[in-house]
Amino acid sequence: AGGVAGVCVDLILFPLDTVKTRLQSPQGFRKAGGFCGIYAGVPSTAIGSFPNAAAFFITYENVKSLLPHGSSSYLSPATHMVAASLGEVVACLIRVPSEVVKQRAQVSPSSSTLRILSHTLYHEGIQGLYRGYKSTVLREIPFSLVQFPLWESLKDLWSWKQGHVVDSWQSAVCGAFAGGFAAAVTTPLDVAKTRIMLAKAGSSNARGNVLAALGGIWRTQGLPGLFAGVVPRMAAISLGGFIFLGTYEKTRQLLL
């Protein structure tokens, strides 16, 4: 169910993700490709989406089942936070290599995904594909700490108000609100992650220091730089939350 949801959302919203990446790119939106070749890097996403989302939900649901949860438990938000955080740590082992290749293709639309992959492996080795792992985890954990407890709480509230468990479309609406809010507050971490992944090998950002990357952006571009791409990111993740969590719930209902 998670794998199907991941593929649906990533492929549908890929153009918005490309625009967001180019807005955050150090060379600027136009030089990174503008609105041309907005599907550059899509093969990397197509390959990585299913196992990445599946790994997240396998971890999330299993951890959640081992810890106290339920609408009556005051520990529910903490349970959802722990489960989501561990899910992200596991999923990022698959997501980061896919993300590195995808983002480099998005800002170099004239180069193929395979060429970028082989270039990265030749010049940087396997560690090149995991450049930005720490910054991605540091972005995803705060995001999940906000999104998943909020999603679960909104579902519980809606279920309580109407007297029965929410439908998949209602779960999708809750996911859209939770995703949009989480996207807004974690945008600076997303910008830092993008700069680290796109940095030239040997540069200061390539070392993967998130605080240093954030400091550099603040000094050169101020607050607008830290929130570069916030509108397409919020739009993509709100719509993505609707599609992703709604599809997940619907597919799980069909399978179970």
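Since the structure is predicted, the reported quantities are computational estimates derived from the model, not experimental observations.
- Looking only at side-chain heavy atoms (C-beta outward), Val137 and Glu88 stay at 4.5 Å or farther from each other.
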When the side chains of residues 170-180 are checked against the rest of the protein, which donor-acceptor pairs come out under 3.5 Å, sequence neighbours left out?
{"from": "Gln170", "atom 1": "OE1", "to": "Gln162", "atom 2": "NE2", "distance (Å)": "3.1"}
{"from": "Gln170", "atom 1": "OE1", "to": "Asp167", "atom 2": "N", "distance (Å)": "2.7"}
{"from": "Gln170", "atom 1": "NE2", "to": "Gln162", "atom 2": "OE1", "distance (Å)": "2.9"}
{"from": "Ser171", "atom 1": "OG", "to": "Trp151", "atom 2": "NE1", "distance (Å)": "3.3"}

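- Of the possible polar contacts, none joining the Ser168 side chain to the Gly246 backbone as a donor-acceptor pair under 3.5 Å is found.
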Run Phe143 and Glu140 through side chain to side chain contact (heavy atoms under 4.5 Å, CB included) and show every step you take. CA-CA 5 Å; Phe143 180 86; Glu140 294 297 349; 4.2 Å; yes
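- The two residues Gly6 and Ala53 come nearest to each other via the heavy atoms CA-CB, 3.7 Å.
- Tracing side-chain contacts under 4.5 Å through hydrophobic residues (I, L, V, M, F, W, Y), one reaches Leu245 starting from Ile12; they form part of the same cluster.
- By the 4.5 Å heavy-atom criterion applied to side chains, Val9 and Thr247 are not counted as neighbours.
- Under the 3.5 Å distance criterion, the side-chain polar atoms of Ser49 are left unmatched by any main-chain donor or acceptor of Ala46.
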Would Ile141 and Val89 count as a side chain to side chain contact (heavy atoms under 4.5 Å, CB included) if you check the C-alpha gap in whole Å, the side-chain angles of each, and the deciding distance to 0.1 Å? CA-CA 8 Å; Ile141 287 180; Val89 171; 4.0 Å; yes
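- Ala55 and Ile94 get closest at one heavy-atom pair: CB-CD1, 3.9 Å.
- If you take CG on Leu114 and OG on Ser44, they are separated by 11.0 Å, rounding to the nearest 0.5 Å.
- Minimum heavy-atom separation, Ala91 to Asn52: CB-OD1, 3.4 Å.
- Contact check for Leu145 versus Ser85: side-chain heavy atoms found under the 4.5 Å cut-off.
- Closest approach of Phe14 and Val42 over heavy atoms only: CZ-N, 3.5 Å.
- Between Leu23 and Val19 the shortest side-chain heavy-atom distance falls below 4.5 Å.
- The shortest heavy-atom contact between Ile38 and Pro15 is CD1-CB, 3.5 Å.
- Classified by interplanar angle (parallel below 30°, tilted 30° to 60°, perpendicular above 60°), the ring pair Phe57/Phe148 is perpendicular.
- Residue Thr194 forms a side-chain hydrogen bond (donor to acceptor under 3.5 Å, both in side chains) with just one option from Gln106, Gln24, Arg22, Glu99, and that option is Gln24.
- The hydrophobic cluster containing Trp218 also contains Val210, counting ILVMFWY residues as joined when their side-chain heavy atoms lie under 4.5 angstrom apart, directly or transitively.
- Side-chain contact between Leu86 and Tyr60 is absent, with no heavy-atom pair separated by less than 4.5 Å.
- Although no hydrogens or angles enter the test, the distance criterion places no donor-acceptor pair under 3.5 Å between the side chain of Thr186 and the main chain of Leu189.
- Val146 and Val82 fall into different hydrophobic clusters, where Ile, Leu, Val, Met, Phe, Trp and Tyr side chains are chained together by heavy-atom contacts under 4.5 Å.
- The distance from atom OG of Ser111 to atom CG of Leu117, rounded to the nearest 0.5 Å, is 12.5 Å.
- Note on Leu16: it does not cluster hydrophobically with Val230, by side-chain heavy-atom contacts below 4.5 Å among ILVMFWY residues.
- Taking CG of Leu154 as the start and CZ of Phe181 as the end, the distance is 11.0 Å to the nearest 0.5 Å.
- At distances below 3.5 Å, not a single donor-acceptor pair connects side-chain atoms of Ser25 with backbone N or O atoms of Thr21.
- With ring centers used as reference points, Phe56 lies 6.0 Å or more from Tyr248.
- In this structure, CG in Leu198 is found 8.5 Å from CZ in Arg131, a value given to the nearest 0.5 Å.
- Here the CG-CD1 distance, from Leu11 to Ile243, works out to 10.5 Å after rounding to the nearest 0.5 Å.
- A distance-only check finds a donor-acceptor pair linking the side chain of Ser118 to the backbone of Arg115 [under 3.5 Å].
- Looking only at side-chain heavy atoms (C-beta outward), Ile217 and Leu226 come within less than 4.5 Å of each other.
- A donor-acceptor pair under 3.5 Å is formed between the side chain of Arg233 and the backbone N or O of Ala183.
- Nearest heavy atom pair, residue Gly48 against residue Ser98, reads CA-OG, 4.1 Å.
- Under the 3.5 Å distance criterion, with hydrogens and angles disregarded, a donor-acceptor pair is assigned to the side chains of Thr120 and Arg104.
- Leu121 and Val96 fall within a single hydrophobic cluster, where Ile, Leu, Val, Met, Phe, Trp and Tyr side chains are chained together by heavy-atom contacts under 4.5 Å.
- Side-chain atoms of Lys193 and Asp190, non-hydrogen and from C-beta on, do get closer than 4.5 Å to each other.
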Take Tyr133 and Leu93 through the test side chain to side chain contact (heavy atoms under 4.5 Å, CB included) and record every step on the way to the result. CA-CA 8 Å; Tyr133 177 81; Leu93 293 171; 3.8 Å; yes
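- Here CG of Asp10 is found 8.0 Å from CZ of Phe244. Values are rounded to the nearest 0.5 Å.
- Applying side-chain hydrogen bond (donor to acceptor under 3.5 Å, both in side chains) to Lys102 and the options Asp17, Thr18, Thr45, Thr113 leaves one that passes, Asp17.
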